[in-house]
Chemist: 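I have a structure I would like to understand better, so I am pasting it below and will then ask my questions one at a time.
Predicted model only: the values in this text are computed from it and were never measured. Along the sequence shown, the residues carry numbers beginning at 1.
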Amino acid sequence: MPVQRVLLGGHAEFDGGERPVGGRGVHRLHGTTLQVLITTAPIDCTCAVPVGTQNSLYRLPGDSTVTESASVTDSVTSARSEHSADVIVVGAGPAGSATAYHLAKSGLDVLLLEKTAFPREKVCGDGLTPRATKQLVAMGIDISEEAGWLRNKGLRIIGGGSRLQLDWPELASYPDYGLVRKRDDFDEQLARQAQKAGARLYERCNVGAPIVHELTGHITGVHAKLGEEKTPVTFHAPLVVAADGNSTRLSLAMGLHRREDRPMGVAVRTYFTSPRHDDDYLESWLELWDRRGAEDRLLPGYGWIFGMGDGTSNVGLGILNSSSAFKELDWREILKAWCASMPADWGYTPENMTGPIRGAALPMAFNRQPHYTKGLLLVGDAGGLVNPFNGEGIAYAMESGAIAAEVIVQAHARATYQQRELALQRYPKILKDTYGGYYSLGRAFVKLIGNPKVMKIATQRGLTHPLLMRFTLKMLANLTDPTGGDAMDRIINGLSKVAPKA
C-alpha cells in the first residue's frame with residue numbers, strides 16, 4: 001500500500017501515484033504518530049499547505065477530510081500547541097525582538113526564545129544613530145525623554161589635534177537625532193513590545209541543537225532547556241530565525257561558519273560616574289593616547305564617550321582585526337591607559353567606575369552566509385551585519401529583522417513548497433541589494449585605516465575640512481536619502497551601487 005509522509009520542512013512526499021481509496025496513511029509530526037483518514041485524488045507530491053497557525057497538520061491539495069485519530073490525547077495536543085508555532089526566533093536581542101514584533105503584527109504565531117532573563121546586560125556603546133531611532137519608531141517604542149531616553153544632536157570627533165562637532169544630517173528618510181539607552185533596559189523594552197504584539201516569549205530558555213529532518217536537512221525546530229530547573233523541551237516550527245548573536249550556536253550546528261575574509265572588531269567598555277553624563281553629542285576619538293610616561297604613546301584603536309543621562313558615561317574603545325596589534329594587546333589595559341590620560345575632572349578614574357570592563361566581538365560585513373538556507377534565516381550579529389565603517393550593529397540588527405519578517409510573511413501566504421522557498425530565497429538577495437555594495441566599501445575602508453600612517457594622515461588633514469567631514473559622517477553612519485538627496489547622498493549612493501556586493 002502506498003504511504004504518504006509529511007516532511008517537517010513543510011511539504012509532503014507520497015510513495016505511489018494515487019492515494020489509497022478510504023485507506024489510512026501515517027503522518028509523523030514532531031515525533032508523534034497521527035492516524036489520518038485520506039480521501040481519493042491524485043496528488044501533487046511536492047507541496048503541502050500548513051493548516052492553522054500551530055503547524056499541527058499539513059494538508060495536501062485536494063484533501064476534503066483530514067481527521068485525527070482519538071489516540072492523540074488532549075494533553076499531547078495542548079503541549080504541541082504550546083511549543084509549536086509558525087516561526088521560532090532564537091534570541092531576544094534587538095534583531096530577534098524586531099523580527100518577532102513584525103511577524104506577530106502580521107498575524108503569525110511566533111515563539112521568541114531568550115536564554116537569560118530580563119533585565120540582562122550586553123556589551124555595547126549604548127549610542128543609537130538616527131538609523132536605529134527610525135527602527136524604534138517603527139516598533140511603536142515610546143522614545144520620549146519622559147520615558148527615559150536621552151537624545152543626541154550629532155557626533156563630536158576628536159583627533160589630529162582637532163575637535164569637530166557635527167549635527168546629524170537633515171534627511172527625509174531618517175530623524176535628525178539619535179538616542180542613548182543602556183542595553184540592560186533597551187533589550188527588555190524591545191522584547192516586551194514583541195510580546196504586546198503577540199509573540200510568545202520564553203525567558204531562561206537555553207537553545208541547544210536544532211531538530212533537522214533526516215531526509216531534507218531542513219531545520220524543523222530546536223531542543224532547549226527551560227527555566228532554572230533546565231527542563232528539556234522541544235519547540236517546532238517550519239521556519240527558524242537565528243538571532244543568537246556573534247556566537248550563533250544554531251548557525252554553527254546547521255553548518256554555517258564564519259568567513260575569515262571578512263573584518264571582525266572587538267569592543268570593550270565600562271561605565272563611570274561623571275559630570276559629562278548629560279552630553280548631547282556622541283563623542284568619537286580617532287586617536288587614543290597614553291600620556292602617563294615621559295613620552296606620549298599612541299595606542300591602537302578608536303574610542304568613544306557617550307553620556308548616559310543618568311549620572312554615568314559609557315567609555316569604551318574598539319579595534320579592528322586589520323590592525324597589526326589586534327591579537328597582541330590586553331584591551332582592558334589599553335582602556336585603562338587611555339582613561340588615565342583624560343582630564344581628572346571628567347571623573348574617568350578607577351574609583352568612579354561603576355562596573356567591570358567587559359568586551360564583545362563585532363562581526364562585520366556579512367561574515368556568515370548564506371543568510372537563508374534549509375528553513376533557517378540569519379539576522380543581526382548572527383549574520384555578521386555590523387557596519388564595518390563605524391561598528392554600529394543595533395540599527396542593522398533591527399532592519400534585518402524587519403526585512404526577514406516581511407519575507408517570511410509573504411512566504412507564509414504561498415500555496416506550495418516551491419513557492420514558499422522561492423519567496424524565502426529573496427531574503428539574502430534583499431540584504432545584498434540593501435547593504436552589499438556599502439559593506440564592500442566598508443571592507444576597503446577597514447583595510448586602509450588598519451595602516452597607522454594612513455589613519456594619521458586622514459585624521460590630521462580631514463578634520464580641518466568641515467565639508468569633507470560632513471560627507472564622512474554621512475558615509476560612515478550610512479545616512480543618506482535614497483532619492484531626492486543632495487550631492488553627497490548621490491555620491492555615496494552611487495558608490496554603493498557600483499561596488500561589488502559583499
Chemist: Determine all donor-acceptor pairs shorter than 3.5 Å in which one atom belongs to a side chain in residues 116-127; sequence neighbours excluded.
Modeler:
residue	atom	partner	partner atom	Å
Thr116	OG1	Glu114	OE2	2.7
Arg120	NE	Glu114	OE2	3.3
Arg120	NH1	Asp187	OD2	2.5
Arg120	NH2	Asp187	OD2	3.3
Glu121	OE1	Arg358	NE	3.0
Glu121	OE2	Arg269	NH2	3.0
Asp126	OD1	Arg183	N	3.3
Asp126	OD2	Tyr271	OH	2.4
Asp126	OD2	Asn314	ND2	2.8

Chemist: Are Lys429 and Asp433 ion-paired here, with the side-chain N under 4.0 Å from a carboxylate O?
Modeler: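 Between Asp433 and Lys429 there is no salt bridge, as every charged N stays at least 4.0 Å from the carboxylate O atoms.
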Chemist: Which residue pairs pass the salt bridge (Lys or Arg N to Asp or Glu O under 4.0 Å) test with at least one member in residues 188-199, sequence neighbours excluded?
Modeler: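 The answer is Glu188-Arg192, Arg192-Glu203.
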Chemist: Between Arg332 and Asp330, is the closest basic N to carboxylate O distance under 4.0 Å?
Modeler: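 Salt bridge absent between Asp330 and Arg332.
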Chemist: Please identify which of these residues, Tyr302, Trp338, Phe306, Trp304, meets the ring-ring contact (aromatic ring centres under 6.0 Å, His included) condition with Trp285.
Modeler: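 Passing option: Trp338.
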Chemist: Nearest 0.5 Å, please: how far is CD1 in Ile305 from NE2 in His277?
Modeler: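 Nearest 0.5 Å value for the NE2-CD1 distance: 14.5 Å.
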Chemist: Do Ser313 and Tyr348 meet the criterion of a side-chain donor-acceptor pair at a distance under 3.5 Å?
Modeler: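 Tyr348 and Ser313 do have a side-chain donor-acceptor pair below 3.5 Å.
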Chemist: Could you check whether atom NZ of Lys432 has more than 12 heavy atoms from other residues, nucleotides or ligands sitting under 6.0 Å from it?
Modeler: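 Enclosed.
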Chemist: So, does Ser97 use its side chain to make a donor-acceptor pair with the main chain of Ala92 at under 3.5 Å?
Modeler: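 Looks like yes, one N/O pair under 3.5 Å.
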Chemist: Side chains of residues 381-388: which donor-acceptor pairs under 3.5 Å do they make with residues two or more places apart or in other chains?
Modeler:
residue	atom	partner	partner atom	Å
Asn387	OD1	Phe389	N	2.8
Asn387	ND2	Asn390	OD1	3.2
Asn387	ND2	Tyr396	OH	3.1
Asn387	ND2	Tyr438	OH	3.1
Asn387	ND2	Leu476	O	3.3

Chemist: For the CD atom on Gln195, are there more than 12 heavy atoms of other groups (residues, nucleotides or ligands in this structure) within a distance under 6.0 Å?
Modeler: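 Yes, enclosed.
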Chemist: Holding to side-chain contact (heavy atoms from CB on, under 4.5 Å), I want the full list of residues that pass it with Asp486, two or more places apart in sequence or in another chain.
Modeler: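 Result, side-chain contact (heavy atoms from CB on, under 4.5 Å) vs Asp486: Lys474, Met488, Asp489.
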Chemist: Could you tell me whether the side chain of Ser274 and the main chain of Trp346 form a donor-acceptor pair under 3.5 Å?
Modeler: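 Between the backbone of Trp346 and the side chain of Ser274 there is a qualifying donor-acceptor contact (under 3.5 Å).
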Chemist: Just to verify, what does Glu283 make a salt bridge (charged side-chain N to carboxylate O under 4.0 Å, His left out) with, not counting sequence neighbours?
Modeler: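 In terms of salt bridge (charged side-chain N to carboxylate O under 4.0 Å, His left out), with neighbours along the sequence ignored, Glu283 is linked to Arg156, Arg276.
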Chemist: Residues in side-chain contact (heavy atoms from CB on, under 4.5 Å) with Asp280, at least two apart?
Modeler: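 In terms of side-chain contact (heavy atoms from CB on, under 4.5 Å), with neighbours along the sequence ignored, Asp280 is linked to Lys153.
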Chemist: Would you tell me whether Asn493 and Ser496 have side-chain atoms, one donor and one acceptor, within less than 3.5 Å of each other?
Modeler: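 No donor-acceptor contact under 3.5 Å links the two side chains.
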Chemist: Applying salt bridge (charged side-chain N to carboxylate O under 4.0 Å, His left out), name anything that partners Asp310, two or more places apart in sequence or on another chain.
Modeler: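 Applying salt bridge (charged side-chain N to carboxylate O under 4.0 Å, His left out) to Asp310 gives Lys182.
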Chemist: Mind checking ring-ring contact (aromatic ring centres under 6.0 Å, His included) for Tyr439 and listing every partner two or more places apart, or none if nothing turns up?
Modeler: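 With sequence neighbours excluded, Tyr439 shows a ring-ring contact (aromatic ring centres under 6.0 Å, His included) to Phe366, Tyr435, given in chain and number order.
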Chemist: For residues 168-175, which side-chain donor-acceptor pairs fall under 3.5 Å, sequence neighbours excluded?
Modeler:
residue	atom	partner	partner atom	Å
Trp168	NE1	Asn152	OD1	2.8
Ser173	OG	Asp481	OD1	2.7
Tyr174	OH	Arg131	NH1	2.9

Chemist: Can you sort out the partners of Lys134 under salt bridge (charged side-chain N to carboxylate O under 4.0 Å, His left out), two or more places apart, ordered by chain and number?
Modeler: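 Applying salt bridge (charged side-chain N to carboxylate O under 4.0 Å, His left out) to Lys134 gives none.
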Chemist: Would you find a donor on one side and an acceptor on the other, under 3.5 Å apart, between the side chain of Thr270 and the backbone of Gly355?
Modeler: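 Side chain of Thr270 to backbone of Gly355, a donor-acceptor pair under 3.5 Å: yes, one is there.
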Chemist: Which residues satisfy the salt bridge (charged side-chain N to carboxylate O under 4.0 Å, His left out) test with Asp345, sequence neighbours excluded?
Modeler: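 So Asp345 forms no salt bridge (charged side-chain N to carboxylate O under 4.0 Å, His left out) with any residue.
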Chemist: Could you tell me whether Glu260 and Arg258 have a side-chain N and a carboxylate O separated by less than 4.0 Å?
Modeler: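 A salt bridge links Glu260 with Arg258.
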Chemist: Does the pair Met254 and Ile219 meet the rule for a side-chain contact (heavy atoms from CB on, under 4.5 Å), with working shown?
Modeler: CA-CA 8 Å; Met254 290 294 291; Ile219 187 170; 3.9 Å; yes
Chemist: May I ask you to decide whether Asp244 forms a salt bridge with Lys115, counting only side-chain N to carboxylate O separations under 4.0 Å?
Modeler: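 Salt bridge: no.
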Chemist: My understanding is that only residues two or more places apart in sequence, or in another chain, count here; which of them pass ring-ring contact (aromatic ring centres under 6.0 Å, His included) with Phe186?
Modeler: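 Per chain and number, Phe186 pairs via ring-ring contact (aromatic ring centres under 6.0 Å, His included) with Trp149.
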Chemist: Would Leu155 and Asp167 count as a side-chain contact (heavy atoms from CB on, under 4.5 Å) here? Give the steps.
Modeler: CA-CA 6 Å; Leu155 184 67; Asp167 288 345; over 6 Å; no
